[in-house]
Amino acid sequence: MGHTAAVEPTILSPGIRTFKPRRSRITPRQARALASPGSHLLTRQTLSKAWESNQPVVLDIGFGSAGPVVELARYFPEQTILAIDVHTPGIGDLVDRCSSEDINNVFIIEEDVLELVPRLPGSLTGVRSFFPDPWPKARHHKRRLAQSPVIDAMAKVVEPGGFWHLATDWPEYAESMIEAFSSNDHWSGGSIDRPEWRPLTHFEKRGIREGRPIVDVWFTRN
Ligand SMILES: C[S@@+](CC[C@H](N)C(=O)[O-])C[C@H]1O[C@@H](n2cnc3c(N)ncnc32)[C@H](O)[C@@H]1O
């Protein structure tokens, strides 16, 4: 069977990846969770389950590790969080936490969001992307998540009045996000104070440790 990625519709040019190759060694606990994931782990075929409860669905792109998703699920019990990443250990962690702590408003999918978004079976009330890979070198800017073609594609799946909340520890990336959203008629917003409920994430801690300022931005779908 051939590799199908090149023929599937995606948002950026085929072959452009927004994620970095990362160590994917998984712990025995993560492996056990992935071997019997229960109802939390979805696939493209079962994705519509995330919309079955009729709660608003918020997509968490590149959640990385379980803790912040679990905190948000508890803080916003009226939301269903669809957490997506390509990083298997993080997927295993979140499946484990959701099963062992009986968290019922989180679904998880291991996919490239750029391939999944054009195929979502329902609309989104919001999107969160905390500390997306910054790709600071100019020649890598084409790999950034928050750039015009992605912002445009998200506008098609986020309901009017819905939101996209991002945070970054690269001020230049924040500026380029604001510029890209501002030149798109579907979104309004800009930088905001860090909401007190936003969990501190792993990559945020690293940014703070390395002395970088944190910027939150919030855009509303017009
Ligand atoms: C820098 S980490 C941030 C993780 C976490 N949000 C945090 O703040 O600690 C970026 C995450 O986004 C994921 N990611 C990047 N591009 C992605 C894509 N196209 N689809 C799904 N996940 C992606 C990476 O695998 C990684 O886990």
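When a residue number appears, it is its place in the shown sequence, counting from 1. Computed from a predicted structure; not experimentally measured. Heavy-atom basis, side chains included; hydrogens, waters and symmetry copies ignored. Whatever order the structure lists them in is the order used to number ligands and atoms, beginning at 1.
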Heavy-atom gap L145 to ligand 1 smaller than 4.0 Å: no

Heavy atom of the protein closest to atom 25 (O) of ligand 1 (residue, atom name, distance): D85 OD1, 2.6 Å

Separation of L41 CG from I91 CD1 (nearest 0.5 Å): 6.5 Å

Exercise: identify the closest heavy-atom pair between H202 and S65: CB-OG, 4.1 Å

Pair Y173 + W135: ring centers closer than 6.0 Å: no

Nonpolar side-chain network containing V86, other nodes, edges under 4.5 Å: F19

Minimum-distance protein heavy atom relative to atom 26 (C) of ligand 1: R22 NH1, 3.2 Å

Between D185 and N222: side-chain donor-acceptor atoms closer than 3.5 Å: no

Atoms in ligand 1 with a heavy atom of G64 nearer than 4.0 Å: 4 (C), 27 (O)

Distance from atom 7 (C) of ligand 1 to nearest protein heavy atom, with residue and atom: T201 OG1, 3.3 Å

Heavy-atom nearest neighbour in the protein, as seen from atom 5 (C) of ligand 1, with distance rounded to 0.1 Å: F63 O, 3.2 Å

For atom 4 (C) of ligand 1, closest protein heavy-atom neighbour: G62 O, 3.4 Å

Test log, rule side-chain contact (heavy atoms from CB on, under 4.5 Å), inputs V150 and D152: CA-CA 5 Å; V150 185; D152 213 35; over 6 Å; no

Ligand 1 atoms in contact with D112 (distance to a heavy atom under 4.0 Å): 18 (C), 19 (N), 20 (N)

Any N or O of S65 closer than 3.5 Å to N or O of ligand 1: no

F130 neighbourhood, listing ligand 1 atoms whose heavy-atom distance to it stays under 4.0 Å: 3 (C), 5 (C), 6 (N), 7 (C), 8 (O)

Shortest non-hydrogen contact from P199 toward E204: O-OE1, 3.6 Å

Which donor-acceptor pairs under 3.5 Å do the side chains of residues 76-83 make with protein atoms, sequence neighbours left out?
unit_1, atom_1, unit_2, atom_2, d
Q79, OE1, R128, NH2, 2.9
T80, OG1, Q55, NE2, 3.3

Within-cut-off N or O pair, I84 and ligand 1, under 3.5 Å: no

Atom 14 (N) of ligand 1 [closest protein heavy-atom partner, distance rounded to 0.1 Å]: F19 CB, 4.0 Å

Closest approach of any protein heavy atom to atom 1 (C) of ligand 1, naming residue and atom: F131 O, 3.1 Å

Between E159 and T125, a side-chain donor and acceptor under 3.5 Å: yes

Distance filter under 4.0 Å to V86 heavy atoms, resulting ligand 1 atoms: 21 (C), 22 (N), 25 (O)

R198/D216 salt bridge by N-O under 4.0 Å criterion: yes

W187 versus T220, side-chain donor and acceptor atoms under 3.5 Å: no

Atom indices of ligand 1, in the order listed, that fall short of 4.0 Å to a heavy atom of H202: 9 (O)

Centroid separation F130 to H165 less than 6.0 Å: yes

Ligand 1 contacted by E115 (non-hydrogen, < 4.0 Å): no

Location of contacts on E111 toward ligand 1, heavy atoms closer than 4.0 Å: backbone

Protein heavy atom at shortest distance from atom 20 (N) of ligand 1: V113 N, 2.9 Å

Heavy-atom nearest neighbour of atom 17 (C) of ligand 1 within options L116, T18, D169: T18

